[in-house]
Structures are given as structure tokens and as C-alpha cells.
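Structure, as C-alpha cells:
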There are 2 protein chains.
Amino acid sequence: MSHPARPPETRPTERLGRRLASGTAIYQAGDNGLAWRLQRGVVRLDSVGRDGEWQFASLAIAGDILGCETLLLGSYAFSASALTDCSLSPWPEGAPALAGESLLASLATAQRRAADVVALRGGQAAERVLGLIRLLADAGGRVVLPSRQDIADITDLRFETISRIISNLQRENLLTPLRVAGVHATRSFQMHCPPA
Amino acid sequence: MSHPARPPETRPTERLGRRLASGTAIYQAGDNGLAWRLQRGVVRLDSVGRDGEWQFASLAIAGDILGCETLLLGSYAFSASALTDCSLSPWPEGAPALAGESLLASLATAQRRAADVVALRGGQAAERVLGLIRLLADAGGRVVLPSRQDIADITDLRFETISRIISNLQRENLLTPLRVAGVHATRSFQMHCPPA
DNA sequence: CGAGCACTTGATCTATGTCAACGGTAGTGG
DNA sequence: CCACTACCGTTGACATAGATCAAGTGCTCG
């Protein structure tokens with residue numbers, strides 16, 4: 001529909017307890033595999049049309065469960081890729097029994113997360129981007145953002161618009177780029193606005 | 001944010017196995033209650049901000065489970081209201097044991113539904129509305145739509161825009177209003193486009 | 001009968017999309 | 001080391017989809 005196909009960048013699967021660099025594919029819709037807990041980072045989930053185009057479907061952030069559906073269906077329903085550096089560990093932890101309790105908990109957070117994502121696609125452009133930044137910021141207001149294009153896919157805006165909005169936020173001192181190796185990063189920021 | 005507060009239209013809760021008219025509130029975020037299976041109709045879920053404004057969060061259609069989170073948290077996380085005439089029955093059916101299997105199934109469909117809703121908020125206006133119509137149509141292409149305003153809230157458009165789009169679809173013969181009591185209905189249609 | 005509500009349609013405005021040019025950085029191969 | 005390419009991000013100029021404002025219709029309910 002409105003979003004461009006993305007080239008699936010594949011890498012060999014590492015052993016359990018994976019670390020993934022920003023941009024790497026984690027799994028593809030239809031693959032067989034495990035469910036994971038996302039320990040750190042941000043993951044994008046896309047649904048895949050019959051003709052293979054990717055369409056942004058949801059977001060997972062640290063603490064979320066990834067690929068639950070594989071426990072029921074045997075294969076992934078979405079394709080997952082890392083928007084920032086990530087680490088994953090197999091889920092469920094400990095006993096392999098499908099503990100009803102932890103399933104319920106993961107269902108509840110999935111619902112909340114879905115509502116958050118829906119909210120990121122409504123209202124004024126600047127509010128949407130700010131909403132995403134708030135969602136991704138840690139308690140101290142530090143954020144590592146996805147690429148402009150990924151932010152655009154998430155918020156249903158264009159990357160030029162995202163670029164302009166982030167420039168404005170810097171101009172208004174709501175966001176200051178962090179220095180990484182002596183230069184201003186384009187993706188790491190300190191946020192200066194109320195976290196809610 | 002971008003969406004207006006809606007007046008919560010309350011009604012006394014009926015006994016188990018409920019039928020609800022279009023427009024009625026089903027439950028409010030924070031209430032205690034059961035989980036339900038939606039047997040018929042379309043339900044809107046809103047998250048409620050601290051200041052009480054409602055914000056569209058998700059959609060449930062026939063077959064979906066409503067208010068799962070109450071099993072874990074003891075109270076509803078969202079407010080639910082009927083967008084068309086609905087019927088509900090308590091869930092889980094039969095044994096009160098939290099069957100891991102059916103929980104998983106409901107988690108999987110919740111994820112899919114969330115992805116559908118996200119898709120309804122991206123791309124061209126006419127495509128979004130058509131996407132919603134497809135989602136709500138039965139196998140024969142018959143649909144009972146929510147009000148123009150509710151469609152607008154779901155798709156993040158304005159009700160005037162929805163009205164124009166539906167008028168266009170009729171003009172292009174993709175949609176024909178059904179006759180109800182001799183007059184053209186404004187919400188019941190026959191769809192004439194491919195269901196996928 | 002009048003009030004309220006949902007819907008329709010027209011005229012105009014504007015936020016965001018689109019197109020284009022350019023700069024910086026990383027990687028690659030000579 | 002430099003050239004070269006590819007990719008990502010920034011910024012400007014302009015176009016347009018959809019928002020906004022306004023007026024009017026018809027239905028339902030008291």
C-alpha cells in the first residue's frame with residue numbers, strides 16, 4: 001500500500017541469547033523458530049503481503065515478547081527487524097510449561113503496546129514523533145532513535161517530514177544530540193520534555 | 001490529543017449473554033468485570049487518559065475476545081462501546097480453567113487485529129475506509145458500518161471526509177446502500193469489490 | 001411543532017507530501 | 001592513499017490531499 005518494500009537483510013542465526021546490530025533481520029514471517037524476550041533495543045514487526053511487500057505492523061520495546069504466535073502456529077506471523085542494537089533471550093524463561101499467568105501478562109502488554117502504536121499514527125505530525133520519542137526514551141530521557149525512514153514508516157509520515165520535525169525539536173531545545181566519538185550523533189539524543 | 005472526548009453513554013449491565021444496541025457503552029476502563037467473546041457486531045476500544053478523554057485504541061469484530069486483561073489485572077484496561085448492534089457471551093466458555101491453548105489463540109488473533117487497525121491508519125484516505133469496510137463485511141459482502149464519526153476516529157480522518165469517500169464509493173458502484181423500511185440506509189451496504 | 005443529531009455538500013485553507021539539490025560518512029577496490 | 005559509490009540525513013520550493021468552516025437536508029423524539 002503506502003509503504004515501500006524493504007530488502008530483507010539476512011544474517012546467519014546465532015546461538016541462543018542473541019545480540020543484533022541495528023538494521024539486521026531477526027526472523028521472517030513464515031519461518032519456524034522460538035519466541036523471544038526483547039532485553040534491550042527496539043524491534044519493528046511487519047506483516048508481509050502475498051507479493052512480499054513489507055508493511056509496518058507493530059513495535060516491540062525492551063521487555064516485550066516477540067513471536068508468541070509461534071508457540072501456537074509453529075511459525076512466525078510477522079517479520080521482525082532490529083531498529084536499534086538489540087539483545088534477545090528465549091522465552092518462556094525457565095520451565096517450558098506454558099504458564100497461563102505469564103501468557104496473560106504478555107497478552108496484556110501486547111494490547112497496550114498496540115494501543116500505543118495506534119496513537120503514533122493519529123494527530124499532528126510533531127506530536128506523533130514526540131510520542132514515539134517518549135515511548136523509546138529511558139527513565140533519564142536518553143533515546144536512541146531508529147532511522148528517519150523507520151520513524152516515517154511507524155508514524156505514517158515521510159522521512160523528509162521526520163527530519164524537519166527533529167530539526168525543529170533541536171531548535172526548540174526539546175532534544176539535544178549526544179556526542180558520539182566527538183561528533184553529534186543523528187540518532188542518540190537527550191530529551192528535555194516531560195516523559196508523559 | 002487529536003480526538004474529541006466522547007460522552008460515556010451508560011446503561012445498566014444486563015445479565016450474562018448480553019445484546020447491545022449500537023452506541024451503548026459496554027464497560028469502562030477501570031471497571032471490574034468478566035472477559036467476553038464478541039459473537040456479533042463491532043466494538044470500539046478506547047484508552048482513557050488521566051483527564052478522562054477517550055482515545056481510539058482498537059477494534060474488536062465478531063469472534064474476538066474482549067477484556068482479557070481483566071483475568072490478570074482484575075479490571076479493564078480499555079473502555080468498550082458497541083459500534084453496531086452486538087451480542088456478547090462470557091469467556092472463557094465452559095471450564096473456568098485458563099486453558100493455555102485458547103489464551104494463545106486469542107493472543108494471536110489480537111496481534112493480527114492490532115496489525116489490521118494499524119493498517120487502517122496509513123496510506124490514502126479512500127484506501128483506509130475501504131480497508132475498514134472489507135474488515136467489517138461478511139462473506140457475501142454485506143456490511144453494517146459504524147457512524148461516520150466512529151469511522152473517522154478509527155481511520156484518523158474527519159467525518160466530512162468519510163462522508164465524501166462513502167459518497168464516491170456509491171457513485172463508483174463499489175457500494176450500494178441497502179433499503180431498510182423502504183428508505184436507503186446510511187449504514188447498511190452491499191459491497192461490490194474484491195473482499196481482499 | 002421544535003430541538004437535536006447524523007449526514008451531505010460546497011468553498012477555502014494549510015499541513016504535509018513531493019521533487020530536487022546537496023553534504024557527510026562508510027565501505028570498497030584500485 | 002585516493003576515487004568512487006551507496007546510503008543517510010538536511011533543506012528549499014512547490015503541489016495537493018484532506019482539514020476546516022459553513023450552510024442545508026432529513027430523521028427521531030419530545
Side-chain angles (χ1 to χ4, degrees), chain A residues 1-7 9 21-24 81 83-84 120-130 144-172 175 177-189, chain B residues 1-4 6-7 9 21-24 81-84 120-132 144-172 175 177-189:
Chain A
M1 323 219 125
S2 60
H3 306 299
R6 339 171 74 223
E9 266 173 70
S22 169
T24 34
S81 47
L83 295 187
T84 65
L120 294 179
R121 293 182 144 233
Q124 294 286 100
E127 275 308 309
R128 296 192 215 178
V129 176
L130 219 34
V144 179
L145 295 180
S147 72
R148 305 291 184 265
Q149 181 60 60
D150 280 315
I151 299 177
D153 292 345
I154 294 166
T155 54
D156 190 54
L157 297 164
R158 301 291 145 173
F159 69 90
E160 297 95 326
T161 305
I162 305 298
S163 182
R164 282 186 244 267
I165 288 172
I166 291 179
S167 298
N168 284 341
L169 293 175
Q170 291 177 232
R171 216 164 294 131
E172 300 163 19
L175 222 50
L178 296 175
R179 300 196 146 261
V180 172
V183 273
H184 289 302
T186 63
R187 296 195 192 170
S188 298
F189 294 90
Chain B
M1 327 216 121
S2 60
H3 306 299
R6 338 172 75 224
E9 265 174 73
S22 169
T24 32
S81 48
L83 295 187
T84 63
L120 294 179
R121 294 183 144 231
Q124 294 288 99
E127 274 309 309
R128 297 191 214 178
V129 175
L130 218 35
L132 179 62
V144 180
L145 294 180
S147 73
R148 304 290 184 267
Q149 181 60 60
D150 280 314
I151 298 177
D153 292 345
I154 293 165
T155 54
D156 190 53
L157 298 164
R158 301 290 145 174
F159 70 91
E160 296 96 326
T161 304
I162 304 299
S163 182
R164 283 185 243 267
I165 289 172
I166 291 179
S167 299
N168 285 341
L169 293 175
Q170 290 177 233
R171 217 164 293 131
E172 299 163 20
L175 223 48
L178 297 175
R179 299 195 146 263
V180 171
V183 272
H184 289 301
T186 63
R187 297 195 192 170
S188 297
F189 294 89

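Residue numbers start from 1 in every chain, and the chains themselves are labelled A, B, ... in the order their sequence lines are given, proteins ahead of strands. As a basis for the values below, the full set of heavy atoms in this structure was taken, side chains included, without hydrogen atoms, waters or symmetry mates.
With hydrogens and angles ignored, no donor-acceptor pair closer than 3.5 Å exists between the side chain of A:R164 and the base of C:dG17.
Here the nucleotide nearest the side chain of A:S147, chosen from C:dC7, D:dG9, C:dG17, is D:dG9. When distances are taken from the side chain of B:F159 to each of C:dT9, C:dT8, D:dT10, the shortest belongs to C:dT8. Closest to the B:Q124 side chain, of the nucleotides C:dT8, D:dG18, C:dT16, is D:dG18. The A:R148 side chain lies nearest to D:dT10 when the options are C:dT8, D:dT10, D:dG18.
As rounded to whole Å, 11 Å separates atom P of D:dT10 from atom CG of A:L145. Summarising the geometry, the separation between NE2 on A:H184 and P on C:dT25 is reported as 12 Å, rounded to the nearest angstrom. Distance CD (A:Q149) to C1' (D:dG9): 12 Å, rounded to an integer number of Å. Between the CG atom of A:D156 and the P atom of D:dA17 there is a distance of 15 Å, given to the nearest Å. A straight line from CZ of B:R158 to P of C:dC13 spans 19 Å, rounded to a whole angstrom. Taking atom CD1 of residue A:I162 and atom C1' of nucleotide C:dT16, one finds them 11 Å apart after rounding to whole Å. Rounded to whole angstrom, the span from the CD1 atom of B:I166 across to the P atom of C:dA6 amounts to 15 Å. One atom, CD of B:E160, and another, P of D:dA23, lie 14 Å apart when rounded to the nearest Å.
B:S22 and B:R187 get closest at one heavy-atom pair: OG-NH1, 4.0 Å.
Close to C:dT16, at under 4.0 Å from its OP1 or OP2, lies no side-chain N or O of A:T161. Between B:S167 and C:dT9 there is a side-chain N or O to OP1 or OP2 distance below 4.0 Å.
Rounded to the nearest 0.5 Å, atoms CZ (B:R128) and CG (B:L157) are 4.5 Å apart.
Both A:V183 and A:A126 lie near DNA chain C, and the one whose nearest nucleotide falls closer to the 5' end is A:A126.
Remark: of the listed residues B:I162, B:L120, B:T161, B:I165, B:I162 is the sole one forming a side-chain contact (heavy atoms from CB on, under 4.5 Å) with B:I151.
Within the nucleic acid shown, A:R187 comes within 4.0 Å of sugar-phosphate atoms alone, with no base atom in reach, counting heavy atoms only.
B:L145 is not listed as a side-chain neighbour of B:L132, based on a closest heavy-atom distance of 4.5 Å or more.
Using modelled atom types and a 3.5 Å distance limit, the side chains of A:N168 and A:E172 yield no donor-acceptor pair.
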